[in-house]
Amino acid sequence: MVVLVIVVCVLSCAVVLHLFLWLHRPLLNFASAAHRAGRRARVLVVTAHPDDECMFFAPTLLETLRLGHQVFLLCLSTGNFEKKGATRRRELLESAAVLGIPADNVTVVDNPDLPDDISTAWDTKLVAEKILEHVIDTSANVVITFDQYGVSGHKNHSSLFHGVNNLMKRGHMPDNVLVYVLESVNLMRKYTSVLDVLPSILSSANTLFLSGYPAILKAQRAMCTHRSQLVWFRWLYIAFSRYMVINTLRPLGR
Ligand SMILES: *[C@@H]1O[C@H](CO)[C@@H](O)[C@H](O)[C@H]1NC(C)=O
Ligand SMILES: CC(=O)N[C@H]1CO[C@H](CO)[C@@H](O)[C@@H]1O
Ligand SMILES: [Zn+2]
């Protein structure tokens, strides 16, 4: 009896989730924000390493592109920790192409003061300067990056938050630019894939991007272009991470 109830519950949950994915109607607060920024927003996504764009930001990128907004990627390192910077830079361009972002819209910074290193926090002023330069170059009016926990606690990731927060708090970010950060979730939620859709909706009235199946498959294909990073546990990540399916963003105030 108990088993039957559990089976029915799990099955109905699965049906509801699939309907959700199939209908593919994300609660796009972001769309209205982007509309405030213009019918075609110019969205700049700032990452720290080649592969962050598809491991963490794919739902945001794919939905933003689908809505017809212009997208730019700025990656502040080549991912040279294992001296594979040149390879990883190439992989990033391939991954961007799979996601639908042309190479001209992708910029990779190679600066010895911004080393790919998990134990190095990057200089806030330098990060802020690089981001501001690029906001001006691309005339971006929406900027999206990591929050202070940076998904995995990688110091390079949180450095991006501090850079962008610094621009906002010091009043250096142009007035028309809206900034959003990717909310980090706890370890339990991190690896529950689409099941995290319910906690995501309940825990935040914030911007939610939910990928449908075509977008999920595209994100997986983009991930596969990062061949130098495809160690065995990366496959587990691809299969179970909620960031491959769901992004929730939080607006960052001035
Ligand atoms: C890439 O940038 C160009 C130039 O600003 C822009 O017109 C185009 O829409 C962008 N492409 C995408 C896919 O966002
Ligand atoms: C997934 C992830 O965050 N990978 C990074 C782990 O740290 C190394 C060293 O900083 C980076 O090269 C990876 O991109
Ligand atoms: Zn990273």
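Here, residue 1 is the first one in the sequence, and each next residue gets the next number. Remember, it's 1-based here, ligands and their atoms both numbered in the order they're listed.
Protein heavy atoms are found less than 4.0 angstrom from atom 7 (O) of ligand 2.
Protein heavy atom nearest atom 1 (C) of ligand 2, with residue, atom name and distance: Met55 CE, 3.5 Å. The protein heavy atom nearest to atom 5 (C) of ligand 2 is His154 CD2, 4.1 Å. Scanning all protein heavy atoms for the shortest distance to atom 9 (O) of ligand 1 gives Gln70 CG, 3.4 Å. Here the heavy atom of the protein found nearest to atom 3 (O) of ligand 2 is His157 CE1, 3.8 Å. Atom 9 (C) of ligand 2 has its closest protein heavy atom at Asp116 OD1, 3.1 Å. For atom 4 (N) of ligand 2, the nearest non-hydrogen atom of the protein is Asp51 OD2, 4.5 Å.
Residue contacts with ligand 2: Arg88 is placed with a nitrogen or oxygen under 3.5 Å of a nitrogen or oxygen of the ligand (distance criterion only).
The CD atom of Glu94 sits 12.5 Å away from atom CZ of Arg221, with the distance rounded to the nearest 0.5 Å. Annotation: the span from Ser152 atom OG to Lys190 atom NZ amounts to 5.5 Å, rounded to 0.5 Å.
Asn166 and Thr124 share no donor-acceptor pair across their side chains, judged by distance under 3.5 Å alone.
At least one heavy atom of Val71 sits under 4.0 Å from some atom of ligand 1.
The stretch residues 72-83 participates, sequence neighbours left out, in no side-chain hydrogen bond (donor to acceptor under 3.5 Å, both in side chains) pair at all.
Taking the six-membered ring for Trp and the full ring otherwise, the centers of Phe56 and His157 sit less than 6.0 Å from each other. Aromatic ring centres of Tyr237 and Tyr243 lie farther apart than the 6.0 Å criterion allows.
Distances from the Zn ion (ligand 3) to the N/O/S atoms of Asp52 are shortest for OD1.
Contact annotation for Leu65 and ligand 1: only side-chain heavy atoms (C-beta onward) come within less than 4.0 Å of the ligand.
Applying the side chain to side chain donor-acceptor pair (under 3.5 Å) test between Glu183 and each of Asn247, Thr248, Thr207 identifies Thr248 as the sole match.
Scanning Asn105, Asp137, Val43, Thr138 for the heavy atom closest to atom 12 (C) of ligand 1 points to Asn105.
The Zn ion (ligand 3) lies at the vertex of an angle of 100° between the ND1 atom of His49 and the NE2 atom of His157 (rounded to 10°).
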